[in-house]
Amino acid sequence: MLEDGGFDEQVLRRWAADLLHRGPDANRVSGEVTLPQDGDVAELPFPASEHGRRLAEAGRASIRRGELAVVVLAGGMATRMGGVVKALVNAVSGTTFLDARLAEREHWQRGSERPFPMWLMTSHATDEPIRQALGDRLDGDRVAVFRQGASPRLTPEGRVFRDAGGRPSLHATGHGDLPDALRRSGLLERFVAGGGRYLWIANLDNLGAAVDPLVLGWHLEHDAPLSVEVVDKEPGDRGGIPVRLDGRPVVLENFRLPHGFDEDAVPVFNTNTFLVDAEPLAELDMPWTWFRVEKTVDGRPAIQFERLVGELTSSLDSRFVKVPRTGLASRFLPAKDWQELERHQEQIAARLRSFLEPHRDGA
């Protein structure tokens with residue numbers, strides 16, 4: 001199973017040698033980090049404006065031509081909701097997160113002249129339940145599943161961490177596995193060869209991050225291969241923020257920022273929703289940064305190593321666009337746990353209505 005996910009024992013030994021005993025500061029960047037410059041974070045045009053209507057039509061035309069595929073991040077360790085695979089949790093009454101994503105795909109397929117693919121990146125903890133739930137809808141092309149990597153956890157002393165039964169404790173190695181896992185699957189290569197041009201990457205549990213022709217049109221309008229959605233911060237928010245690292249616009253997680261950097265001076269943060277040109281992603285060969293993560297497993301300290309998809313900004317020229325966070329047009333409705341799901345329930349239901357009602361009526 002580890003080999004199928006691209007695991008390399010020597011890489012784990014290198015992580016242990018380089019990162020294990022350095023503590024959390026091993027994750028901090030060493031270059032110059034500065035605030036975003038004017039123009040680094042753009043405002044999404046108002047949908048009813050002339051500019052907004054023009055961008056939305058360009059996005060719809062691209063979808064009709066079959067240029068877009070959606071990649072749903074559905075991996076991880078299935079621990080946030082009591083060990084239940086989140087794809088199979090009801091996002092609204094009678095409709096799971098997986099159902100909602102499939103209804104979205106069918107909605108856009110009806111308006112497309114070519115296949116509209118949706119691919120789910122799973123993990124060793126979520127793969128089989130998702131495959132079973134998909135059943136015969138899983139055709140390996142329009143609807144496909146591919147698995148991210150896995151690795152054994154380590155003890156703080158550098159030995160393999162074992163569970164109560166003596167088995168190595170495995171973990172998913174982060175959504176930064178996406179480019180390599182896609183490459184192993186062959187999906188991206190076939191998509192590009194068939195005329196595909198863009199990938200929409202979004203978390204399974206952020207149903208606000210549905211396909212939006214306006215956002216796609218905005219991506220088409222500028223010349224950077226990567227677009228990153230950001231939203232206004234609220235009290236208590238923690239996550240990646242747009243900054244400049246040695247003059248380059250990038251996303252940095254808060255644990256990577258230098259000591260003394262005022263992250264509160266950046267009023268927006270990354271939603272983990274991306275639009276990326278497919279061909280540059282297919283050709284990408286970048287030196288990924290791996291992060292040391294401390295966990296408590298079975299009541300004991302454990303160390304694992306992960307990479308994050310936001311690291312794409314370190315190798316692909318990126319543009320940031322601020323999207324709505326509040327109201328019915330919100331593009332950030334996370335449901336990391338039961339409390340967040342309950343808090344956003346009304347907004348999630350409103351956002352899904354345009355997909356689910358035609359789907360249920362058979363339209």
Side-chain angles (χ1 to χ4, degrees), residues 1-2 4-8 11 68-78 85-87 97-98 101 105 117-127 130-131 140-141 143-151 170-192 196-206 209 211 219 224-229 239-240 250-253 256 270-291 293 304-318 334 336:
M1 186 274 287
L2 287 170
D4 287 345
F7 175 73
D8 184 334
V11 172
L68 180 67
V70 174
V71 180
V72 179
L73 304 177
M77 294 303 295
V85 174
K86 191 177 295 182
F97 282 94
L98 181 59
R101 289 295 186 184
R105 192 203 76 82
M118 178 172 286
W119 310 326
L120 296 101
M121 186 172 77
T122 62
S123 69
H124 65 279
T126 67
D127 188 81
I130 288 176
R131 288 179 182 272
D141 188 16
V143 178
V145 169
F146 63 100
R147 201 171 66 196
Q148 68 183 115
S151 177
L170 304 183
H171 70 95
T173 43
H175 42 56
D177 292 347
L178 175 65
D180 288 348
L182 260 181
R183 194 171 295 118
R184 288 193 300 269
S185 74
L187 289 165
L188 184 55
E189 181 181 5
R190 295 196 299 272
F191 179 64
V192 172
R197 300 187 62 184
Y198 312 106
L199 296 186
W200 197 298
I201 303 169
N203 288 342
L204 169 82
D205 57 12
N206 177 15
V211 170
H219 177 76
L226 181 63
S227 295
V228 183
E229 293 191 19
V250 300
V251 168
L252 287 184
E253 299 295 318
R256 303 202 68 207
N270 168 37
T271 68
N272 219 46
T273 305
F274 307 87
L275 263 169
V276 60
D277 290 358
E279 190 168 353
L281 183 64
E283 297 172 350
L284 187 65
D285 183 17
M286 62 178 278
W288 285 91
T289 301
W290 290 88
F291 308 116
V293 181
Q304 60 192 50
F305 304 100
E306 302 177 7
R307 53 183 173 176
L308 303 177
V309 71
E311 279 288 289
L312 287 172
T313 59
S314 67
S315 290
L316 295 176
D317 288 342
S318 306
K336 295 295 182 188

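Proximity of Lys336 to Asn203: side-chain heavy atoms (C-beta onward) are separated by under 4.5 Å at one or more points. At a threshold of 4.5 Å between non-hydrogen side-chain atoms, the residues Leu308 and Asn272 do not count as touching. For the pair Leu98 and Leu120, the minimum side-chain heavy-atom distance is below 4.5 Å. Residues Met118 and Val72 meet the side-chain proximity criterion, which asks for heavy atoms closer than 4.5 Å. By the 4.5 Å heavy-atom criterion applied to side chains, His124 and Met77 are counted as neighbours. In this structure the side chain of Met286 reaches within 4.5 angstrom of the side chain of Leu312, judged on heavy atoms. Using a 4.5 Å heavy-atom threshold, the side chains of Phe97 and Val85 count as separate.
Of all non-hydrogen atoms in Ala209 and Thr273, the two that sit nearest each other are CB-OG1, 3.4 Å. Nearest heavy atoms, Pro225 versus Pro280: CB-CG, 4.2 Å. Across all non-hydrogen atoms, the minimal contact from Phe274 to Gly310 is CZ-CA, 4.0 Å. Residue Pro179 comes nearest to Leu281 through the heavy atom pair CG-CD1, 4.0 Å, listed as atom of the first residue, atom of the second, then distance. The shortest heavy-atom contact between Val143 and Arg105 is CG2-NE, 3.6 Å. The two residues Gly76 and Thr126 make their nearest non-hydrogen contact at O-CG2, 4.1 Å.
Within a 6.0 Å radius of CD in Glu306, other residues, nucleotides and ligands contribute more than 12 heavy atoms.
Asp277 has no carboxylate O lying under 4.0 Å from a charged side-chain N of Arg197, or vice versa, which leaves the two without a salt bridge.
Put simply, CZ on Phe146 and CG on Asp127 are 11.0 Å apart, with the number rounded to the nearest 0.5 Å. Considering OG of Ser185 and CG of Asp180, their distance stands at 11.0 Å, rounded to 0.5 Å. Here the straight-line distance linking atom CD of Gln304 with atom CZ of Phe291 works out to 13.5 Å at 0.5 Å rounding. One finds the CD1 atom of Ile201 at 7.5 Å from the CG atom of Leu226 (value rounded to the nearest 0.5 Å). For the atom pair CH2 (Trp200) and NE2 (His219), the distance works out to 10.0 Å, reported to the nearest 0.5 Å.
Side-chain atoms of Gln148 do not come within 3.5 Å of backbone N or O of Ala181 as any donor-acceptor pair.
For the pairing with Arg307, the side-chain hydrogen bond (donor to acceptor under 3.5 Å, both in side chains) check across Thr289, Thr173, Asp177 returns one residue only, Asp177.
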Problem - Residues Leu199, Phe191; criterion side-chain contact (heavy atoms from CB on, under 4.5 Å); working and verdict - result: CA-CA 10 Å; Leu199 296 186; Phe191 179 64; 3.8 Å; yes
